[in-house]
Amino acid sequence: MNKITAAITAVGGYVPDYVLTNQELEKLVDTTNDWIITRTGISERRILKGEGKGTSDLCVPVALEICRKRGISPEEIDLLIVATVTPDMTFPSTANVVTDKIGAKNAFGFDISAACSGFLYALDTGARFIESGRYKKVMVIGADKMSSIIDYTDRTTCIIFGDGGGGVLLEPNTEGYGLIDSILKSDGHGREYLHMKAGGSVKPATLETVTNREHYVYQEGKMVFKYAVSNMAGAAKDLMERNNLTSDDIAWLVPHQANKRIIAATSQYINVPDEKVMMNIHRYGNTTAGTIPLCLWDYEKYLKKGDNLMMAAFGGGFTWGASYIKWAYDGDKVGK
């Protein structure tokens, strides 16, 4: 019997309607449109507005689009994994909320928290359930409502992040398509440079933590940039070498959309030209776990069966990694 691999058979994505432009941010903090574009490559980002709206509301349209495009019912889903650092609530998991909202009555679900690397962690996890032979349809979604944990008086972070999500359906394949290999890493020492100070069990919410604005993303940009470039690019290069791939073999680099300069440094390190690099950071900003699947969603029509995709990400704490995917279908034959 041929080896079972987990192939991506459908892609979905969603970004909210509200567009937060650089010009609007100029009115909130001491920054300029030119500075933001030069440093990050971001022109605008999407924000989820509305009372009571959370990350599950980003996930639901993603899940329903995937089902529609694949021609399946939510009841056919066996497992839903949601990668997020902005869950609707501490518990239950956002995945459980989403399964309820879409009517996935036969699925179990759980969340994975790995910041910007969350989608790669969840993708690899979902693939193992497919490879076991026990599950046939595993949905993996990466989504974050970053506006819920961003301080819009802090110009070092508010210019970067946006809200959005994307996801994929994984199904068994015996022809060699799907997730071929991954390198996933973490180093908790990095929590010093990118974290949220309060809200966890070490420092629960109090009037003081709220007053001190400690429930927002804290980032030391220079250190994060340094580690992101070396580790994200390094993981991709190591994965290519392990699978005997050259830059000519790569159809697309799918990098986490953290910063245009980090993306450029990664592509240059593995010698992938700009025209083979997926990029939408200028429109969405950094949606954390949502960036890589949103790239797949935006570029789906360009993907061809058999294309080699190299995904790479770096996230807070630190987490990072790379995944090698052999694409399973012609994207231009799929309607939006």
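When a residue number appears, it is its place in the shown sequence, counting from 1. Because the structure is predicted, anything quoted here is derived from the model rather than measured.
- Judged by distance alone, with hydrogens and angles left aside, the side-chain atoms of Asn243 form a donor-acceptor pair with the main-chain N or O of Leu239 at under 3.5 Å.
- Here the closest non-hydrogen pair linking Asp144 and Ala83 is OD2-O, 4.4 Å.
- Hydrophobic clustering of Ile, Leu, Val, Met, Phe, Trp and Tyr side chains at less than 4.5 Å, counting indirect connections, keeps Val19 apart from Ile47.
- Here the CD1-SG distance, from Ile102 to Cys67, works out to 5.5 Å after rounding to the nearest 0.5 Å.
- Considering only heavy atoms from C-beta on, Asn286 comes within 4.5 Å of Thr291 through its side chain.
- No hydrogens or angles considered: nothing links the side chains of His282 and Ser43 as a donor-acceptor pair under 3.5 Å.
- Atoms CG and CG, from Asp187 and Asn231 in turn, are 8.0 Å apart once rounded to the nearest 0.5 Å.
- Every salt bridge (Lys or Arg N to Asp or Glu O under 4.0 Å) that Arg128 has, sequence neighbours left out, goes to Asp124, Glu131.
- Within the 3.5 Å criterion, the main-chain N or O of Val97 finds no donor-acceptor partner in the side chain of Asp100.
- Hydrophobic cluster membership is shared by Leu169 and Leu80, with clusters built from Ile, Leu, Val, Met, Phe, Trp and Tyr side chains linked at under 4.5 angstrom.
- Around atom CD of Glu51, no more than 12 heavy atoms belonging to other residues, nucleotides or ligands sit under 6.0 Å away.
- Remark: side-chain polar atoms of Lys69 are paired, donor with acceptor, to backbone N or O of Val11 under 3.5 angstrom.
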Contacts table for residues 24-31: side-chain donor-acceptor under 3.5 angstrom, sequence neighbours left out:
unit_1	atom_1	unit_2	atom_2	d
Glu24	OE1	Tyr18	OH	3.0
Glu24	OE2	Tyr18	OH	2.7
Glu26	OE2	Asn33	N	2.7

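- The closest donor-acceptor contact from the side chain of Arg46 to the backbone of Pro16 lies under 3.5 Å.
- Connection of Leu64 to Trp297 is not established within any shared hydrophobic cluster, with ILVMFWY side chains joined at heavy-atom distances below 4.5 Å, either directly or through further cluster members.
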Next on the checklist: Using the rule given for side chain to side chain contact (heavy atoms under 4.5 Å, CB included), can you reason through Val82 versus Ser93, listing the C-alpha separation, both sets of side-chain angles and the distance that settles it, and then say yes or no?
Outcome noted: CA-CA 9 Å; Val82 173; Ser93 73; over 6 Å; no

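- Within the 3.5 Å criterion, the main-chain N or O of Lys304 finds no donor-acceptor partner in the side chain of Asp330.
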Checklist entry - What do the steps show when you test Val334 against Glu300 for side chain to side chain contact (heavy atoms under 4.5 Å, CB included), and what is the final call? => result CA-CA 8 Å; Val334 179; Glu300 183 183 24; 3.9 Å; yes

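- Using cut-offs of 30° and 60° for the angle between ring planes, the Phe129 and Phe108 rings count as perpendicular.
- One N or O on the side chain of Ser117 and one on the backbone of Thr319 form a donor-acceptor pair closer than 3.5 Å.
- Partners of Lys197 according to the side-chain contact (heavy atoms from CB on, under 4.5 Å) rule, which considers only residues two or more places apart in sequence or in another chain, are His195, Glu214, Tyr218.
- Here the options are Thr288, Val168, Ile141, the test is side chain to side chain contact (heavy atoms under 4.5 Å, CB included), and the partner is Phe119; only Val168 passes.
- Note: Trp320 and Phe318 fail the aromatic proximity criterion, with ring centroids not under 6.0 Å apart.
- Note that OG of Ser148 and OH of Tyr216 are 10.0 Å apart. Values are rounded to the nearest 0.5 Å.
- Relative ring orientation between Trp327 and Tyr329 is described as tilted, the plane-to-plane angle lying within the 30° to 60° band.
- A donor-acceptor pair is defined here as one N or O able to donate and one able to accept, closer than 3.5 Å; such a pair exists between the side chain of Asn259 and the backbone of Arg39.
- Hydrophobic clustering (ILVMFWY, side-chain heavy atoms < 4.5 Å, transitive): Leu294 and Ile81 are in one cluster.
- Contact record, Lys137 with Ile72: CE-CG2, 3.8 Å, taken as the closest heavy-atom pair.
- One side chain, Thr157 or Asp154, offers a donor N or O that lies under 3.5 Å from an acceptor on the other.
- In terms of heavy-atom proximity, Met278 sits nearest to Cys295 at SD-O, 3.7 Å.
- The minimum heavy-atom distance linking Ser182 with Ser323 is given by the pair OG-OG, 3.0 Å.
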Item to check | From CA spacing to verdict: side-chain hydrogen bond (donor to acceptor under 3.5 Å, both in side chains), Asn96, Thr99 | outcome: CA-CA 5 Å; Asn96 282 6; Thr99 56; 4.8 Å; no

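- Judged by distance alone, the side chains of Glu171 and Thr9 do bring a donor and an acceptor atom under 3.5 Å apart.
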Checklist entry - When you look at Tyr299 and Asn280, which way does the side-chain hydrogen bond (donor to acceptor under 3.5 Å, both in side chains) test go after all the steps? => result CA-CA 10 Å; Tyr299 283 80; Asn280 56 20; over 6 Å; no

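- Ion pairing of Lys326 with Asp307 is absent here, as no side-chain N (NZ or NE/NH1/NH2) approaches a carboxylate O to less than 4.0 Å.
- Between Asp151 and Arg213 there is a salt bridge, since a side-chain N of the basic residue sits under 4.0 Å from a carboxylate O of the acidic one.
- Residue pairs satisfying the side-chain hydrogen bond (donor to acceptor under 3.5 Å, both in side chains) criterion with at least one member in residues 262-274, sequence neighbours excluded, are absent.
- Ionic pairing of Glu76 and Lys136 is not present here: no N-O contact between side-chain nitrogen and carboxylate oxygen is shorter than 4.0 angstrom.
- Tyr324 and Asn308 share a donor-acceptor pair across their side chains, judged by distance under 3.5 Å alone.
- For Ala127 against Leu170, the heavy-atom pair with the smallest separation is N-CD1, 3.7 Å.
- Salt bridge status for Glu75 with Lys105: absent, with no side-chain N to carboxylate O gap under 4.0 Å.
- Note on Leu58 and Ile77: same hydrophobic cluster, where clusters join Ile, Leu, Val, Met, Phe, Trp and Tyr whose side-chain heavy atoms are under 4.5 Å apart, directly or indirectly.
- For the residue pair Leu179 and Leu123, the shortest heavy atom distance occurs at CD2-O, 4.2 Å.
- Side-chain N or O atoms of Gln257 include one that pairs as donor or acceptor with a backbone N or O of Pro255 at under 3.5 Å.
- With sequence neighbours left out, Lys101 forms a side chain to side chain donor-acceptor pair (under 3.5 Å) with Ser56, Asp57.
- Electrostatic pairing of Glu208 and Lys203 does not count as a salt bridge here, judged by no charged N lying under 4.0 Å from a carboxylate O.
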Checklist entry - Hey, mind stepping through Leu120 and Ile292 against side chain to side chain contact (heavy atoms under 4.5 Å, CB included) and telling me if it holds? => result CA-CA 8 Å; Leu120 293 189; Ile292 287 179; 3.9 Å; yes

Item to check | Pair Thr55-Thr86, side-chain hydrogen bond (donor to acceptor under 3.5 Å, both in side chains): steps then yes or no | outcome: CA-CA 7 Å; Thr55 296; Thr86 57; 2.9 Å; yes

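- Among residue pairs with one or both ends in residues 145-187, none qualify as ring pair (Phe, Tyr, Trp, His ring centres under 6.0 Å); sequence neighbours excluded.
- Here the side chain of Glu65 pairs a donor or acceptor atom with the backbone of Gly13 at under 3.5 angstrom.
- Remark: Arg261 CZ is packed, more than 12 non-hydrogen atoms of other residues, nucleotides or ligands lying under 6.0 Å away.
- Under a 3.5 Å cut-off, the side chain of Thr38 and the backbone N or O of Trp35 do not form any donor-acceptor pair.
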Checklist entry - Hey, mind stepping through Asn212 and Thr209 against side-chain hydrogen bond (donor to acceptor under 3.5 Å, both in side chains) and telling me if it holds? => result CA-CA 5 Å; Asn212 292 337; Thr209 64; over 6 Å; no

